[in-house]
Amino acid sequence: MSLSTRDLVLMGLFAAVMAALGLLPSFVLPLGVPITAQSMGCMLAGAILGARRGFGAMLIFVLLLALGLPLLAGGRGGLGVFASPTGGFAIGFPFAALATGWLVARFGHPTKALPSILACALGGIVVLYAFGIPYWVAITESSLSAVLAVAINFLPGDLVKAVVAGLVAATVHRGYPALGGHRAR
Amino acid sequence: MIAGMHVPGVSVLHRAPVGLKLLTLAALGAGLFFVANPWILGTCAVFAFLAYPACGLGWGRGWAQIRALTFFLVLIAGSQAWLAGWASAAEVSARLLTLVLCATLVTFTTPLSALMETLERTLAPLRPLGVHPQALAFALTLTIRFIPVLMGLAQETREAMAARGRERAWFAMAVPLVIRALRMADQVAEAVEARGLDAVIEGRSDSHPNGRLDG
């Protein structure tokens, strides 16, 4: 299990993609819930780089957050992120990318849009929420139903992001076969 | 270039060793969950807030942390006060405020380079297990460098689309942008390999001359 220089550079690249997505302007839903493009970053990392490198890319991103770079949407960062109720989502990014990449490889058609979208939705939404929501419940000691009632507002936006990420990833795999996404990585 | 959150200063916290700050924060994080008295927790939160001006960070940065949590504090007050009473809502809110304020305090008073050094030193014993702190530090530095490069690449791609009269087709832009970024990454990887990753890492820091990537 060793990483080549290229793997390392690609991981750095997608950590940077994740950060750049946080710099895009976010729009706010009527209920005051911000929708950002950022969670698309972990779907893209997993679906384009594969499980192992996608996990590494997001691990780099999370480490940079912890080291004090304000890379989350809205300019948030630092150790405070992990103490706040949404810290579980940040911790979940590497695992969401891992799951997305594993599923893309498992479905076996990285160049096809539908399996990629499905992998992005399962990895980037289901797995990410599985980290984010229990953490939120634990930190705020709120009931699960209260947190779910808030989190559900993010779901439509996240579904749109999964469709976009899946389409982009599948098209990129067609246009750049050198990624080697056909093999499980 | 992306700037860290560190604010230079000369306060006690600025001068304290990084490891000590991190260990204290971890101990605080664990310890506060054993305190259930809302008055004690509230006092902790007030002290954490006052530590900002005391460390020369001004009042605004502390307020910004509280403002960022407003949504969650309202949510806690709403659900917790109704289900478990006001004392419980105050307890959870004060603990959350204290921890976020203290954690961000560490970030504000510690330079990125010092945290990176601590990370490398902490990971050094894991080297026999295949963890290479220098390779990690290289990837972290590379990412920081990649962010403005990516933004520039996005600008170029947008201009290329605009020249074809399609500046609003952002989805049509995403794929060529990712492919250009991948191509750039491959060039960077080739350049690093040509020099040898060891040489690149040593160029950054010469503390561990035998830091290798695949061993």
Side-chain angles (χ1 to χ4, degrees), chain A residues 1-17 19-20 23 32-33 44 48 56-57 59-61 63-64 66-71 74-86 136 139-143 145-147 150 164 167-169 171-172 175-176 178-179, chain B residues 2-6 25 29 65 68-69 71-72 75-76 78-80 83-84 88 92 96 99-104 106-108 110 112 115-116 119 130 135-136 138-140 142-144 146-147 149-151 154 171 174-175 178-179 181-186 188-189 192-193 197 213-215:
Chain A
M1 270 277 284
S2 69
L3 291 164
S4 71
T5 306
R6 183 167 177 260
D7 290 336
L8 209 57
V9 173
L10 285 174
M11 279 156 49
L13 177 69
F14 273 79
V17 166
L23 296 173
V33 181
L44 284 174
I48 293 179
L59 197 63
I60 291 172
F61 179 79
L63 271 175
L64 284 174
L67 290 174
L69 289 184
L71 298 181
R76 288 179 305 123
L79 292 168
V81 167
F82 303 95
S84 77
T86 49
W136 187 340
I139 293 256
T140 62
E141 293 180 27
S142 305
S143 66
S145 52
V147 170
V150 177
V164 173
L167 283 173
V168 169
T171 317
V172 166
Y176 207 76
L179 280 167
Chain B
I2 298 288
M5 292 162 74
H6 171 241
L25 184 64
Q65 296 305 312
L69 287 174
F71 172 74
F72 297 103
L75 198 70
I76 292 168
S79 70
Q80 196 77 355
L83 288 168
S88 170
V92 175
L96 175 62
L99 283 179
V100 171
L101 282 169
C102 288
T104 314
V106 172
T107 297
F108 277 138
T110 317
L112 183 65
L115 281 168
M116 205 116 113
L119 179 71
L136 180 66
F138 165 72
L140 294 178
L142 195 66
T143 303
I144 297 174
F146 266 150
I147 298 168
V149 172
L150 262 181
M151 301 305 278
F171 176 72
V175 173
V178 172
I179 290 182
L182 285 169
R183 211 167 275 148
M184 177 198 71
D186 276 346
V188 171
V192 171
E193 244 156 27
L197 184 61
L213 187 58
D214 44 9

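Computed from a predicted model, the values in this text were never measured in an experiment. Quick note on labels: first sequence line is chain A, next is B, and so on, each numbered from 1.
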Interface moiety of [X] toward chain A, non-hydrogen atoms closer than 4.5 Å:
X	answer
B:V100	both
B:L69	side chain
B:L99	both
B:L25	side chain
B:L140	both

Exercise for the section: Go through the steps for A:T140 and B:L75 under the test side-chain contact (heavy atoms from CB on, under 4.5 Å), then give the verdict. Expected result: CA-CA 9 Å; A:T140 62; B:L75 198 70; 6.0 Å; no

Handout entry: Results of ring-ring contact (aromatic ring centres under 6.0 Å, His included) for A:F82 - residues two or more places apart only
Key =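 ring-ring contact (aromatic ring centres under 6.0 Å, His included) list for A:F82, sorted by chain: empty.
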
Measure across [X] and [Y] and return the closest heavy-atom pair with its distance rounded to 0.1 Å.
X	Y	answer
B:L115	A:A66	CD1-O, 4.4 Å
A:S84	B:L96	CA-CD1, 4.2 Å
A:R6	B:A189	CA-CB, 3.7 Å
B:M5	A:G78	SD-N, 3.7 Å
A:F14	B:L182	CE1-CD2, 3.9 Å
A:A83	B:A103	CB-CB, 4.4 Å

Handout entry: Residue, of B:T104, B:V106, B:D186, that accumulates the most heavy atom pairs under 4.5 Å with chain A
Key = B:D186

Problem - Stepwise side-chain contact (heavy atoms from CB on, under 4.5 Å) test for A:V9 and B:F146 - result: CA-CA 10 Å; A:V9 173; B:F146 266 150; 3.9 Å; yes

Problem - Approximate separation, where rounding is to 0.5 Å, of B:T143 OG1 and A:L63 CG - result: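 Separation between the atoms: 10.0 Å.
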
Handout entry: Straight-line distance of A:T171 OG1 to B:I179 CD1, nearest 0.5 Å
Key =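 Those atoms lie 8.0 Å apart.
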
Any idea which of [options] has the most non-hydrogen atom pairs under 4.5 angstrom with chain B?
options	result
A:P70, A:A20, A:S143, A:G56	A:P70
A:G77, A:S145, A:A57, A:A19	A:G77
A:G80, A:A169, A:G75	A:G80
A:I139, A:L67, A:V81, A:L59	A:L67

Handout entry: A:L13 vs B:V188 side-chain heavy atoms within contact, under 4.5 Å
Key =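 With C-beta onward as the side chain, the pair stays apart.
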
Exercise for the section: Compare all side-chain heavy atoms of A:T86 with those of B:F72 and state whether any distance is below 4.5 angstrom. Expected result: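 Sidechains of B:F72 and A:T86: in contact.
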
Handout entry: Worked check of side-chain contact (heavy atoms from CB on, under 4.5 Å) between A:M11 and B:L142
Key = CA-CA 10 Å; A:M11 279 156 49; B:L142 195 66; over 6 Å; no

Exercise for the section: Let me see the working for B:V192 and A:L8 under side-chain contact (heavy atoms from CB on, under 4.5 Å), right down to the final yes or no. Expected result: CA-CA 11 Å; B:V192 171; A:L8 209 57; over 6 Å; no

Practice task
Name the region of A:A15, side chain, backbone, both or neither, that has any atom closer than 4.5 Å to a heavy atom of chain B.
Solution key: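 For A:A15, heavy atoms of backbone and side chain both lie under 4.5 Å from chain B.
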
Practice task
Taking B:T107 for its side chain and A:L79 for its backbone only, find out whether a donor-acceptor pair lies under 3.5 Å.
Solution key: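 Such a contact is found between B:T107 side chain and A:L79 backbone.
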
